[in-house]
Amino acid sequence: MIGATGLTVRLGERDVLDSVDLTVRRGEWLAIIGPNGAGKSTLLKAVMGLVAHRGEVTLDSRPGGALKPRERARLVAYAPQTPGLPPDMTVFDYALLGRTPYIPYLGRESGHDRAVAESVLDRLDLTELAGRRVGELSGGERQRVVLARALAQEAPVLLLDEPTTALDLGHQQQVLELVDRLRRADGLTVVTTLHDLTVAGLYADALLLLAEGRAVAAGTPAQVLTEALVGRHFDAHVKIEPGPDGRPVVHLVRGGP
């Protein structure tokens, strides 16, 4: 569903991404992990076509560069980590922006568009905030509103940049479980950046570890979340053991480097 070959992004005098290859199968959840500054967010932006890059990106077997904006928006929904939110827009109207690719030019949203937005707000526990202005929301509430807009797009590919940032534990789980249910029910292809390694290993089918702009490991959570790889690339002293479901759980060990 998503492919990238030799993906390179140069910002200023350095390559933020350096020859990264990427393959995500239809219906798969890939989590991109890595230390701060590794190029995780830049990789999502390159796939979305938001930054200039070298190399090739394909979306649903189609060259990404050949897609018109509305075509791309019907295929890929993107929720950035720090979006610009119009402070005076209501939560409902912001979520409704996700329906833009389906609304004719100079046209208005349909009853179906409004119903989709309402359903998404309900799933994200935002119905009571539908009439509130976005500028009045807490950080965690804004994060969920950004996700609501992306989900309202009903695209088969979902790119989420740190979707659980600023969320409390309960809403983190709620959002991740919702994304997983939608993926399984609707066959969504999901790519997320996640800083919590245990959460990444718990929900994703596959992990891609970036370090200094390069892909240094890729595979199942058990293959990528090893003490050697995490210790080397995160400069951390950790113990990794299987959780109740067999997936790796990462523990910090005090007294490490």
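The model shown is predicted, which means the values in this text are computed figures rather than measured ones. The first residue in the sequence is number 1, and the count goes up from there.
Side-chain atoms of Arg184 and Trp29, non-hydrogen and from C-beta on, never get closer than 4.5 Å to each other. Counting heavy atoms from C-beta outward, Glu141 and Arg132 have side chains that approach closer than 4.5 Å. Two residues are said to be in side-chain contact when any heavy atoms from C-beta on lie closer than 4.5 Å; Leu158 and Tyr78 fail this criterion. Looking at Phe92 and Glu118, their side chains come closer than 4.5 Å, going by heavy atoms from C-beta outward. Between Arg25 and Met1, the closest side-chain pair of non-hydrogen atoms is not below 4.5 Å. With a 4.5 Å cut-off on side-chain heavy atoms, Val230 and Ile240 count as touching. Side-chain contact between Leu151 and Leu178 is present, with at least one heavy-atom pair separated by less than 4.5 Å. Residues Leu43 and Val16 are not in side-chain contact: their nearest non-hydrogen atoms beyond the backbone lie 4.5 Å or more apart.
Under the 4.5 Å side-chain contact rule for hydrophobic residues, Leu210 and Leu225 do not share a cluster. Under the 4.5 Å side-chain contact rule for hydrophobic residues, Leu197 and Val253 do not share a cluster. In the hydrophobic clustering of ILVMFWY residues, with side-chain heavy atoms under 4.5 Å counting as a link, Leu97 and Leu137 come out together. Under the 4.5 Å side-chain heavy-atom criterion for Ile, Leu, Val, Met, Phe, Trp and Tyr, Leu159 and Val9 are members of the same hydrophobic cluster. Val199 and Leu208 fall into different hydrophobic clusters, defined by Ile, Leu, Val, Met, Phe, Trp and Tyr side-chain heavy atoms under 4.5 Å apart, directly or through other members.
Under 4.0 Å is where a charged nitrogen must lie from a carboxylate oxygen, and between Glu71 and Arg62 at least one such pair does. Salt bridge absent: Glu109 and Arg99 never bring a charged side-chain N and a carboxylate O closer than 4.0 Å.
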Problem set entry | Residue pair Val47, Val191: steps toward the side-chain contact (heavy atoms from CB on, under 4.5 Å) verdict | CA-CA 10 Å; Val47 170; Val191 181; over 6 Å; no

Problem set entry | Residue pair Arg26, Asp60: steps toward the salt bridge (charged side-chain N to carboxylate O under 4.0 Å, His left out) verdict | CA-CA 8 Å; Arg26 189 181 304 273; Asp60 197 16; 2.8 Å; yes

For this session: Begin from the C-alpha positions of Asp125 and Gln174 and carry the test side-chain contact (heavy atoms from CB on, under 4.5 Å) through to its verdict.
Result: CA-CA 9 Å; Asp125 195 24; Gln174 182 185 50; 3.6 Å; yes

For this session: Check the pair Asp205, Arg183 against salt bridge (charged side-chain N to carboxylate O under 4.0 Å, His left out), reporting the backbone distance first and the verdict last.
Result: CA-CA 11 Å; Asp205 300 308; Arg183 178 179 71 96; 2.8 Å; yes

For this session: Tell me, with the steps shown, if Thr90 and Asp93 meet side-chain contact (heavy atoms from CB on, under 4.5 Å).
Result: CA-CA 5 Å; Thr90 66; Asp93 286 341; 3.3 Å; yes

For this session: Start with the C-alpha distance between His237 and Leu252, add both sets of side-chain angles, then the distance that settles side-chain contact (heavy atoms from CB on, under 4.5 Å), and finish with yes or no.
Result: CA-CA 6 Å; His237 188 199; Leu252 286 176; over 6 Å; no

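With Arg133 contributing its side chain and Met89 its backbone, the two residues share no donor-acceptor pair below 3.5 Å. Between the side chain of Thr189 and the backbone N or O of Val157, no donor-acceptor pair lies under 3.5 Å. In this structure, Asp168 contributes its side chain and Gly170 its backbone to a donor-acceptor pair below 3.5 Å. Under a 3.5 Å cut-off, the side chain of Gln172 and the backbone N or O of Leu167 do form a donor-acceptor pair. Distance alone, capped at 3.5 Å, is enough to place a donor-acceptor pair between the Glu162 side chain and the His195 backbone. Judged purely by atom type and a 3.5 angstrom limit, Arg149 has no side-chain atom pairing as donor or acceptor with the backbone of Leu96. Although no hydrogens or angles enter the test, the distance criterion places no donor-acceptor pair under 3.5 Å between the side chain of Lys45 and the main chain of Pro80. Remark: the backbone N or O of Asp15 is not paired with any side-chain donor or acceptor of Asp18 at under 3.5 angstrom. Counting only distance, with no hydrogens or angles, the side chain of Arg232 and the backbone of Asp235 share no donor-acceptor pair below 3.5 Å. Although no hydrogens or angles enter the test, the distance criterion places no donor-acceptor pair under 3.5 Å between the side chain of His233 and the main chain of Gly231.
The environment of CD in Glu136 is crowded: more than 12 heavy-atom neighbours from other residues, nucleotides or ligands sit within 6.0 Å. Open room surrounds CD on Gln173; 12 or fewer heavy atoms of other groups in view lie less than 6.0 Å from it. No more than 12 heavy atoms of other residues, nucleotides or ligands shown are found within 6.0 angstrom of CD on Glu212. Within 6.0 Å of atom CZ in Arg10, more than 12 heavy atoms from other residues, nucleotides or ligands are found, so the atom counts as buried in its surroundings. Within 6.0 Å of CG in Asp245 there are more than 12 heavy atoms belonging to other residues, nucleotides or ligands. Taking a 6.0 Å sphere around CD of Glu128, one finds it holds 12 or fewer heavy atoms contributed by other residues, nucleotides or ligands.
Atom-to-atom distance recorded for Asp21:CG and Leu7:CG is 8.5 Å, nearest 0.5 angstrom. Atom CZ of Arg70 is separated from atom CD1 of Ile103 by 8.5 Å, given to the nearest 0.5 angstrom. In this structure, Ile2 CD1 and Glu28 CD are separated by 9.5 Å, a value rounded to the nearest 0.5 Å. Distance check, rounded to the nearest 0.5 Å: CG of Leu17 to CZ of Arg54 gives 10.5 Å. Atom OG of Ser138 sits about 7.0 Å away from atom CZ of Arg144, to the nearest 0.5 Å. The structure places OH of Tyr105 at 10.5 Å from OG1 of Thr100, a figure rounded to the nearest 0.5 Å.
Residues Gln223 and Leu229 approach most closely at O-CD1, 3.9 Å, considering heavy atoms. The shortest heavy-atom contact between Arg72 and Leu59 is NH1-CD1, 3.6 Å. A pairwise comparison of heavy atoms in Ala152 and Val116 identifies O-CG1, 3.7 Å as the closest pair. Contact record, Leu194 with Ile33: O-CG2, 3.7 Å, taken as the closest heavy-atom pair. Across Ala204 and Leu30, no two heavy atoms sit closer than the pair CB-C, 4.4 Å. Between Ala79 and Val146, the closest heavy-atom pair is CB-CG1, 3.8 Å.
One side chain, Asp161 or Ser41, offers a donor N or O that lies under 3.5 Å from an acceptor on the other. For the residue pair Glu177/Tyr203, the side-chain donor-acceptor check at 3.5 Å is satisfied. Between the side chains of Ser119 and Asp122, no donor-acceptor pair is found at a separation under 3.5 Å.
Tested against Val179, the residues Thr192, Leu188, Val190 include a single side chain to side chain contact (heavy atoms under 4.5 Å, CB included) partner, Val190.
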